[in-house]
Every structure is written in structure tokens, then in C-alpha cells.
Protein chains: 2
Amino acid sequence: MRFSKMYVPTLKEAPGDAEVISHKLLVRAGMIRKLTSGIYTFLPLGLRSLNKVAAIVREEMERAGAQEIFMPSVQPGDLWKETGRWEFYGKELLRFQDRNGRDYCLGPTHEEVVTDLLRGEVKSYRQLPINVFQIQTKFRDEIRPRFGLMRGREFLMKDGYSFDADDAGADESYKGMFEAYKRIFSRLGMRFRPVDADSGSIGGSFSHEFMVLADTGEDTIAVCHGCEYSANLEKAVVRCGQPACTAECPAIEEVATPGKHTVEEVAEFLGVPAERLVKTLLYVVDGAPVAVLVRGDRELNEVKLKNALGAQEEPVMASPEQVVAWTGAPVGFAGPVGLKVERILADNELLAANDYVAGANKAETHILHLDLARDAKIETFTDLRMITESDPCPVCGGRIELTKGIEVGHVFKLGTKYSKSMNATFLDENGKEQTMIMGCYGIGVSRVVAACIEQNHDEDGIAFPPPIAPFEAVVLCLDPRKEDILGKAEEIYGMLRSWGMDVLLDDRDERPGVKFKDADLIGMPMQIVVGGKGLKNGIVEVKDRRSGEKSELSIENLERELLEWRKCVWAGWGLANCDETEECR
Amino acid sequence: MRFSKMYVPTLKEAPGDAEVISHKLLVRAGMIRKLTSGIYTFLPLGLRSLNKVAAIVREEMERAGAQEIFMPSVQPGDLWKETGRWEFYGKELLRFQDRNGRDYCLGPTHEEVVTDLLRGEVKSYRQLPINVFQIQTKFRDEIRPRFGLMRGREFLMKDGYSFDADDAGADESYKGMFEAYKRIFSRLGMRFRPVDADSGSIGGSFSHEFMVLADTGEDTIAVCHGCEYSANLEKAVVRCGQPACTAECPAIEEVATPGKHTVEEVAEFLGVPAERLVKTLLYVVDGAPVAVLVRGDRELNEVKLKNALGAQEEPVMASPEQVVAWTGAPVGFAGPVGLKVERILADNELLAANDYVAGANKAETHILHLDLARDAKIETFTDLRMITESDPCPVCGGRIELTKGIEVGHVFKLGTKYSKSMNATFLDENGKEQTMIMGCYGIGVSRVVAACIEQNHDEDGIAFPPPIAPFEAVVLCLDPRKEDILGKAEEIYGMLRSWGMDVLLDDRDERPGVKFKDADLIGMPMQIVVGGKGLKNGIVEVKDRRSGEKSELSIENLERELLEWRKCVWAGWGLANCDETEECR
């Protein structure tokens, strides 16, 4: 493609409403334009990247045995009423009526439609399993659309659904999709992790989020450096490796701590490290008071608290009035001994030591020499705190790192949630009616493009991995008015295209500075500069957009040197662009 | 692809609500399923055909210099209010409000969105022309959705838009798209005609409909066998070749025609051919009475009448009361002489003769020897009637055939209709503000698949042209349990795939009869039968689905003979599948 013939309206300034870097760069690079809040048009360059992501997703889905279909975006409300989601989905579901007053919605997801499709068709276990997917526009009426393609209202999604005759089959389908997702994000050249999205459990879990690692991500995830374990911060399991403490502990005694409320203040005042303190947190869970103990230097994980109690509602911190009522003291002096709260839970880790400091449930007072097993009525010691980077991996004991991520995919074993309410049944080998077991598998195709930019950019613009870049290479013709320069540029352009490469030839009548800036902004992985002094000396300068590394290739051996260099650029992304594995020069 | 692994739910019976053959066959062939009225899911086979059409459309659009973008389907009502279409579009425009109560619609077309996109970007004539297109889901809330994909509510469309700096440029853009459309429908292997869709004019016209010829089409079109002229019946121009009549004509005399009202009755009673009669039709046009004369054996074309009068509203036939008031006689005896109607128009053809019979404006009476030029006050003689197969082509004088067609594409020079109301301007070479000249170009991608079936089917099912067929060939393995048969089928399957062909291997554990029936129903152009006696005798039987012709290929020379046969199958469709032009065997 020639730049001069292409509609690529690059901009110097990002739009005022762009908060995140991918939004800014997508607009500046002329890849998208906003139509209205949360709704964007893909311009030619943006659509190229979108299509490249979609093509790899499609290939891997098909390789995994899933079949592509195309379901409508307008869905009848009646189906949503069958599953109860018409009531539950809330305002994100855009609802409307047709000219005859019938209820419809714009599909934010297609469980109802696909279940309706197959319940009409599948009669026997012999027709199962079935695994279908589509790549389609979805709509969610977000309360606050923002971050460009990261949280838009209209977006492109791959959604897939599996139907199996039994649980074992459903697990197989899940595994197949999980592996396909790993191949997809690897092939796209992204740094990612599949994270356990199932509350608390490791292994045998049936929900994973695929997270692209990026400093700007909204989610914090715990990632092991020794194995594949990754989990959302809220769900990362803390392994309690230490044995229960059996050391001698003096009897409790009170100590005055006037004006010392926080862990830090008390620790400093008493001259002990924060890890010697017990933090007593008071909550209301499902209407009843609960106390939770964690070490002074740790943070409570409310998700774990909720799960430990099997609670229906999110735990709510006690009000100051409740604290006073339950402790008999002002806020800041709660402790497990003498507390007027029935249920006291403690984090596992607290068992590994004794001789703690805690609040005395008395104004301006703490207690010393607390032995929880001896002095307090603990209902259960369990995993209740946030993982930290000093904790070992719960699977392999390896080093855990906390990092930021962006969710781009989700695999989910649904079980019979939809098939049951919609009566999607079949006859098994014994002629007995059974309910199909479902799984659903999503990838935010347009979100992947944005997440890729969040992960790969610098102050000059985007640094696309080759599989997602709108073009793999750009040939910068520095002076298209000069015949020899244009001729050489065209020759190289033709050569790269003959290798099956997507190439952009910047043949615009613009200053070299403009071309360099645009090339960096749009972020094609390979820049090939034709013109200037280099050309006179038989040299073509090339730049690897990711590393910024420049090399000079001799025109004499250009084909061979370009092929070699291309391999190096791909290798820098951890990718191979061909089967050969020759050395980088 | 293996049939055993593919989701292709063929059916023996068509659904009860299917009225047209394409709807019946698409459902029976397992290509689509209805979600709700006018809204369909594409199953794997259907999606393959849809994608093949889209791919050819895309290729030819790009070859013609149009650039693909992707605009949102949810559009802000504000833009539609700018052009006034929010009021005018009626109930086909599906409107709704988002969670904040703002007006939106589901795009039935994208003129507003694309004009909004470019008015923000194009500042100078140097940025023009721009020609963009998308392939996207559209929605029209049809009052009576029917005919499956032919008139659905949600459908896939290619819509393109050109923006030019001046009229000459806009004409160039139009011509480029017109030619691209011809290439598209030719490459798809369809019999089609671009028809003049501009009222009455030939040449210099700027609206064409692309019609697929099919007996089941809703539109009647006049097609010339001598040149490319084609027009909708209502718009086909009748060329008046004969000179005005100068023969002697006796004076008018009345003749009693008791009980003879119709042209046929009067002609028979008087013993003259119908073409000697003048039919006098009374209309109300824009509130005023108008009489129109056509020859007794001709039909009035109301579109031409409306255009001839420059009327605002559709002409309405006079009521019996009005006829009585204007003629002074009962219905059936109107004539041009003595009529109480100011404006009388006559079809051109009537000038070519005299000595006509007409109504006498008197009960049970006609007049003989009418010479219109002599006896009647005719405002104008002009082209007012429907073309017939006995008329010559208005362009080349060749033979005209009336045939049925299905509209699948439309090219339209919009001018400044949208750019003016939306203020899409640019600065011309002299720094003066000008309004962009637009064109719009649509292809109903999903409709093409249906129209293709309307054109190409028989009692056994679909006969797809190779470019649209979900697979170009099917290899029917008659007994997959027998190793030698399955082995040979796999071998042929692999060979065809190695040529880059889309092939389906029917490896299902089903009776041969089921496989033959499904192959005919789905309509892949090439059927290759492996098994039975043939195989034992070193023979593979093949069938051309279109012609039904069977051939026996020898296994010894199978590769060469299959290649030759493939060329013949394509040639039967008027298509070449390669550059060579060897003879058919």
C-alpha cells in the first residue's frame, strides 16, 4: 500500500478526552475516530490491525475444532426472559422495541441465542460435542465509557460456546479452548498470563482470565516466576508454609499507648516490628458482626473473607459506632481478647508465631505477649490476606511478582446455567434426557489492539508486534521527487511484497522529518529508510521500532541482509517469522 | 473440511414460513437458521458462502481504490436530525435511547456517519477524492420481513461512499464503482444486469441498480439483446421510430357500441384490431384532472406520466364519479373529443397513425375516424407507455426482452444532499469554501447469497457457482468403513486441497443415498464419488452439479483428468479458474 493513496490522518495532538495511552495513540496514529461516547470508527490502519487479530483468533479457534458461525446482534427479549437475565442484566443491556412493540436487545453476549439455536437441533449425544464461535460486534451500555477501545460501548468480540454431553467432555472442551487462547496470545506477540479467576481454588478450576501485562492495567495480578501460576490479586492463594509456633510466651500484660492508633505508631512507640502486631478488623457480614485478624504488616483480602464465611453479600467495615459498641473503646484499640464479637477469624500466618501486640479493647491501651491459640477464641485460622511479593508461589514455591494486567480474554465453564433454564437437552446413550454442559469463551478483539498498545509504546508512539501491526514494514522514501530514490524505494517495496509481507511505502511529498515521526507514531516494526547519504554510499538504513536499534544494510546484498534482519526483528518479539533458525547477525 | 466434524444440519422439509426457494433451500441445506422474524443466524456453511461473496467484494473495492473502514452500527440520533432523516425515515429506522436518555438508531445506512467522519478531517481539495467502504451488519425494521435473506431486518451489507471536490471527479468515482460492480458480479458467476434507475433518462444517468436475473425476482426489467441497455420496466424508454401519419382520414362519425366497455369488446364488436383504438385514461395528478391517451393494446406507465407532468405526488386514477362528471357518460366511453378535461397527454406512438376508434363521451357510443392531430386538443405527445418485447431497444434498436430481476446492488450519485446539510466543506485551489460531492454504493452481501440461489437451483437443491459455493467440491466417500475406499477418498481430498481448493470430504457413516442427496441439496459445483463398482474398475465418477453431467475419470490419470474437468465445470459457469485456456475434453 502507498501512503499517498491511503487515508491515514495522523495528528500531533491527542484529543482532550483521551485518558489512556492507547486511546491517545490510536487517535493520533489515524487508526480510530470517535463517533460518540464509547463508540468508534476504525479507519483503514486501525481496521488492518483489528483484522489481523481476528484472523489469528479465527485460525486458532478452527485449529481447536471450533466452527465459525454468525449470530444476529439484535436479540429477542423473550430469550433473555427465559434465563432471567432480562431482569438481572441491568442498564448495560441496551433494550428497545421494534415497530410492533416487541422487546429486543442489542447483544452484549450470545449465550441465550446460541442455546436457543442448538436446543432446536441437537437431539442425541451423538451430535455432541459442538463448539461454535463468532467474531461480532457487541454492545454494552457502559455507565462511564472511557479509555477508548479499552472500555467502549460498541466493540468487536470473539465469543465461543461449547456444548458437551457430560462433565468430562466439558472439561476437555474447556482445556482445548484454554490451550487455543495461549497459542493466540503467544502468536500475537503479547506478554500475557492466564490467571485463575475462580475464587480461591487452584487446579480443577474452570474460569481463567487472560491478562496482557501492562503497567497501565486496571487489574493487579500475582505472577509466579517459577511456574505458570498467575492469579488476580484478590484470588491469589497464600500458602502457609510455616509450622504452628510452639515457643514459650509470657502472660498477657497491658501497656499504655496514649495517642497511638495505627500499626505504624504503635510499633514505633513499642519498638517492635509491625509483623509482631495483630491487626483486628471489624466487619458486618450478612448483617452479623465479624472480627478478622491479620498480621500488622499485612492487608486483609475481603474476597477471601467473604468466601471463608460463605457470605451472600460483600463484607462491610463496621461503623465507628459499632466499633465502640463491640470493643468498649474508641476506634484504634480493638483486639481479639475480651471483644464482644462472637465470630473471630484469623489469617493462617498468625499461627506461625506468638508473643504478639494487639489492641486491649480499652482506650489508649494495647496488650503484650498475646498468644492467639492460648488467649483468644478463634473460630478458624485460614487464608485471609492479600498475597505479597515476599510470599512463595502457592503451586511451586517460586518467586511471586505483583504486576498490572488488562483482561483480554476469559474462558468459563458455565455448566448447565443456561442449558437448564432454556431446556437444552438431548438423549444420552441410554435414551435418557440429559442437559447439555456448556462453556463460554470470549476475546475482546478490539480490546486486544488497545491492550497491545498499552503494553508496547514509548514517547514517540506505538511499537506494534509484527503480527498486529497494520503493516509489518514501512519503506520511507525520503525524496520521492528524485527518480533514483523513488526507484530504489519501489524496488525494495516490491521485493518485500514478493515475500508476502504487508508493506507500506511512504511515497508522500513530505519532509523526511514528517515521515520519520509518522513511522514511529504508527509503530510498524520494521523501518527501511531509502535516501540521503546512505543511498549514495550503497547503504540502506533500517530501524527496529521496538528496540530503536539502527543497522546499515548494503544494497549489494540487500535481499539476504533484509531477510536476516527481519528474522532478528521478529526474534526480538520472541517470535519466529519462518521455520529456519539461523543466527542473528 | 470433514463433513463428520462439521455442523451441517440438513433437513428434508423446509420450514412452514418459507415462501421463496432461496429461503427454503438455505434452511434445508443447513446454511441458516431463523432467530426471529427477519433475523437469521449463519451456520458454518452459510457463513462460508457469505464470506466468499464479501471477499470478492472487498478485493474489487480495493482494486478500484476504495479503502475499507469499519463504522459503528449504533448511531447518534443527532446526526440524523442534521440531515432531516430522523423525521423522514419512518419506522424502518430502529430508534432507541441509551441509559442517559440520548437518541440513537441502528444504522440502516451510513451516510450521516461517514459524512460526519470526513467533515472533521478533510480541509483541502488536496485530500480529495476519498472513497471508503465497509462490510457491516445493517438493520431495517421492515414492516413485513419475508423471503428469508431476501428481505430480512438484519443483514450484511457493503456500503461505500465517495467524496469528490467537483462534479467531474464525482462522475469519475461513480464510473469506477460502476465498473467494479460489474467485475464483482461477473466474478461471482451470476447472470446480472446493471439497470438504469434514473427516471427516464438514458446516458448521463447517475443511478444504477444491479439486478440478478431470476424468474422469481420481484422486479421486471427490460433487457436489450444487442447492447448493454437495461432498465426497470417503469423506467424503460420507448423510442418512437415512426414518422407522424399523413394519410387521409374520413370525418368523425359516431357508432353505437351497446354494452361494449373494454378495448377487447369494442375491437371485436367493430371488427378492428386493438391497436386501432385509443384508450383514454382519466387521472387526478397533484389535485387536477388529466387525461392520458395510449394505444388500445398498450399499458400506461404511471412513472412516466408523473415525470412528464413534473408532478409532486403519484397520479391517482379518477373515481367513477369523476369520470361521469368529466365525460358526461358512464365509465367506459371516455374519449379525447369533447372531454371536459383541460390537460390531455398522448403517447408518442399515437402520432404514427390516424383513423382511430375512441370513446364518444356518450353512453353506449364510440367514434370512428379519429385523427388526434386534427380532432383533439393534445397538450403533448410524449413517451408515456410501458415498453413491450416488440419495441426496439432505445439505444441500439436491438431486441428487448422483459425479464425478472432481484436488486443486489445500487450505485448512486448523491451530489451534495448530505454534505450540504451536514456542512462537509473544503477549501478549493483558490481558497474558496466548497461542498463535497458525494456518491454512495451498496451491495447486499447476504442478499447476494439468496439471489444466487434464486437464480441457480433445481428440484434437488442449490447449484452454486464455484465462487459462492461453501466448498468448490465435495468428495463423497461412499463407504468410509472400507479402508481402500476411505484411503482413496482421503488421497483425492488431499490432492484437491493441495491445489488450494476448498473441499468437503463426506466421510460420514451414512448411506450413499443420504450423501448424494445432501451433496445435491448443498450444491457444491463438483461432486467426486469414491466407492462402489467404479473404484474396483479403476474409475472415479464425477458430477457437474449445474449441468448434472456425469463423467468417469480414470484413477491412473486422475490428477490430469480432474484438473481438466475442473476447468470444464468453471467454463460451464462462464468462468475461468486459471489462466490457461485448454480445450474441454
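Below, each value reflects all heavy atoms present in this structure, side chains not excepted, and no hydrogens, waters or symmetry copies. In what follows, every chain begins at residue 1, and chains take the letters A, B, ... in the order their sequences are listed.
The shortest non-hydrogen separation linking A:L118 to B:Y7 is CD2-OH, 3.4 Å. When all heavy atoms are compared, the tightest approach of A:E154 to B:Q136 is OE2-NE2, 4.4 Å.
Side chain of A:Q67 to main chain of B:K5: a donor-acceptor pair is present (N/O by atom type, distance under 3.5 Å, no hydrogens or angles).
Between A:M71 and B:L35 the shortest side-chain heavy-atom distance does not fall below 4.5 Å. Side chains of A:E92 and B:R99 form a contact here, defined as non-hydrogen atoms less than 4.5 Å apart. Side-chain contact check for B:F139 versus A:V74: some heavy-atom pair is nearer than 4.5 Å. B:L43 places a side-chain heavy atom less than 4.5 Å from the side chain of A:L117.
Using a 30° and 60° split on the angle between ring planes, B:F42 and A:F70 fall in the tilted class, from 30° to 60°.
Within the 4.5 angstrom heavy-atom criterion, only side-chain atoms of B:L47, from C-beta onward, approach chain A. Looking at B:R153, the atoms closer than 4.5 Å to chain A (heavy atoms on both sides) all sit in the side chain, from C-beta outward. Using a 4.5 Å cut-off between heavy atoms, B:R33 touches chain A through its side chain atoms alone. Heavy-atom distances place the side chain of B:Y104, and not its backbone, under 4.5 Å from chain A. Residue contact with chain A, scored on non-hydrogen atoms closer than 4.5 Å, involves the backbone and the side chain of B:I143 alike. If you measure heavy-atom distances from B:Q97 to chain A, the contacts under 4.5 Å come from the backbone alone. For B:Q134, no part lies under 4.5 angstrom from a heavy atom of chain A.
Taking a cutoff of 4.0 Å between a charged side-chain nitrogen and a carboxylate oxygen, B:K91 and A:D98 do not qualify as a salt bridge.
Residue with the most contacts toward chain A among B:P9, B:S73, B:G120: B:S73 (heavy-atom pairs, distance under 4.5 Å).
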